[in-house]
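Below is one structure, written out as structure tokens, with a few remarks after it.
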Amino acid sequence: ADSSSSSSSSSSEIISRFQKYLQINTAQPSPQYQEAADFILSEANSLSLESQTLEFVPGKPLILLKWPGSDPSLPSILLNSHTDVVPAEHDKWAHPPFSAHVDPHGKIYARGSQDMKCVGMQYLEAIRRLKASGFKPTRTVYLSFVPDEEIGGHDGAEKFAESDIFKALNVGIVLDEGLASPSENYRAFYAERCPWWLIIKATGAPGHGSKLYDNSAMENILKSIESVRRFRASQFDLVKAGLKAEGEVVSVNMAFLKAGTPSPTGFVMNLQPSEAEAGFDIRIPPTADQESLEKRIAEEWAPSSRNMTFRLGQFKQKASVLDNSGRPVLTATDSTNPWWALLEEAVKKADGKLGKPEIFPASTDARYFRLQGLPAIGFSPMANTPILLHDHNEFLNKDEYLKGISIYESIIKSYSSYAEHARTATWRDEL
Ligand SMILES: [Zn+2]
Ligand SMILES: [Zn+2]
């Protein structure tokens, strides 16, 4: 290792590196991937990590870093993070979303501060410290910085996980993103809900704005929206009553409504439109009955009897948490999966607390690795932090960020030293 990688850093240097990454605007739909890649490669260089830039799709670089272990015959560790972030409504933030402004309380404001540039940088900072301490991994540690997670991961983690390059890495365990926790317990995820993006469309006869008649497009879509709302409430009630966790019910939220006849001043008011569309973000627990939900959509939310049609955008995602035989893909949390116990111990050793394993309520790239038969754990060490991913004023306190580095230091040390040839079971038969 060169001298720069073996010298330790002050907190302010660590925070300023985090800020640099946050200041690169990698918001969809036009992320500055090249700038992000350059930054990660220069960090990797300062750490003397081996690096490779993979472009499964031109213009969408995936950076793969390697810290070679002393026993390459053992399956490796993969630390994954995505480089893109969701867009931000700049004028609704207290501080510009790509400024990475640190307020007097130590809160670092930036899009991506929680989701998930924190994790990507924490991996690197943890490795920086381990190297400085003279630690040598037994297993090889890989880091992947992948594009396009926020738009489905098809040109990023999905292609990577299916590639021969990936197979050659002989990965044994993947760590990917989790969620912030308002309590003092960190959260860890063994599975995730499956996303369906549903668009329903109603058509009907146009007519005078004053006329009451049946089967207008607006009436038809409103009936559907009411039906969706009732179903949503039934699921939400289970969560409110404490009977189910967020990841164990079906969520459905309206993402857009599109109808009306535009005019220079807004919309034509005295014309009932002949078409109306609504879009919904639906998330389905891995063990839920997908067929019955599809039936509900066809019969209640978009019945042809009401002149309605539907399509599931990103239809491919439909089976994203089911394997080829329709079995849900879950990472074991019991003794068949040594990585889970190792994670718990490592977090404890670094003075952190871990809550019960959960189903991730949204979606992550971890599903693509689980589909390859690998165990994958969703984990972002942010305790005492409000959940602000995809929200205005996303922030992470700098002390929490620094604490997270120590947590990863402990995890990476433990994972990469684990010398057993683990039988890494991926399956769990029941929740
Ligand atoms: Zn994310
Ligand atoms: Zn996200």
Side-chain angles (χ1 to χ4, degrees), residues 18 21-22 24-33 36 40 60 62-63 78-89 92-93 97-98 100 108-124 143-158 160-161 174-181 186-197 246-247 251 253 255 281-283 313-314 317 320-321 331 358-370 376-382 385-396 400-401 404 408:
F18 184 30
Y21 189 29
L22 292 169
I24 302 168
N25 185 338
T26 51
Q28 294 289 353
S30 40
Q32 292 176 350
Y33 279 141
I40 294 157
K60 299 186 176 190
L62 185 159
I63 311 298
L78 177 66
L79 308 173
N80 185 59
S81 68
H82 61 83
T83 55
D84 60 325
V85 298
V86 285
E89 294 176 70
K92 295 185 178 152
W93 284 54
F98 296 99
I108 308 167
Y109 285 88
R111 176 59 87 218
S113 55
Q114 294 192 10
D115 179 15
M116 63 173 298
K117 285 177 169 168
C118 49
V119 171
M121 282 307 286
Q122 283 167 324
Y123 294 151
L124 289 169
L143 290 84
S144 46
F145 291 82
V146 306
D148 276 13
E149 191 279 341
E150 294 293 2
I151 56 169
H154 306 299
D155 292 346
E158 185 173 26
F160 177 47
V174 181
L175 288 186
D176 204 322
E177 67 191 304
L179 284 178
S181 165
Y186 293 122
R187 307 173 69 178
F189 302 88
Y190 64 91
E192 59 187 50
R193 292 195 293 189
C194 179
W196 284 12
W197 285 338
E246 203 188 343
S251 67
N253 288 302
D281 181 308
I282 304 175
R283 306 289 167 131
Q314 310 238 341
Q317 299 271 320
S320 69
V321 298
T331 293
E358 297 176 72
I359 297 174
F360 195 82
S363 314
T364 75
D365 283 333
R367 68 191 183 281
Y368 297 123
F369 302 112
R370 291 195 185 108
I377 301 176
F379 178 72
S380 300
M382 296 179 282
T385 302
I387 305 166
L388 291 170
L389 74 170
H390 298 206
D391 203 338
H392 301 326
N393 298 314
E394 180 179 350
F395 75 81
L396 179 59
E400 270 304 318
Y401 176 74
Y408 278 123

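In this text the structure is predicted, and so the values were computed from the model without any measurement. Whatever order the structure lists ligands and atoms in, that order sets their numbers, starting from 1.
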With T26, which residues qualify under side-chain contact (heavy atoms from CB on, under 4.5 Å), at least two apart? I24, P31, A36, V85, K117
Aromatic plane relationship, F18 with Y401 - under 30° parallel, 30 to 60° tilted, over 60° perpendicular: parallel
So do F98 and L22 actually touch side chain to side chain, heavy atoms under 4.5 Å? no
Hey, is R283 close enough to E192 for a salt bridge, meaning N to O under 4.0 Å? no
Under 2.8 Å from the Zn ion (ligand 2), which protein N/O/S atoms are there? D115 OD2, E150 OE1, E150 OE2, H390 NE2
Testing H82, K60, H154 one by one against D148 for a side chain to side chain donor-acceptor pair (under 3.5 Å), which residue passes? K60
Tell me the closest heavy-atom pair linking Y368 and A157, and the distance in Å. CD1-CB, 3.9 Å
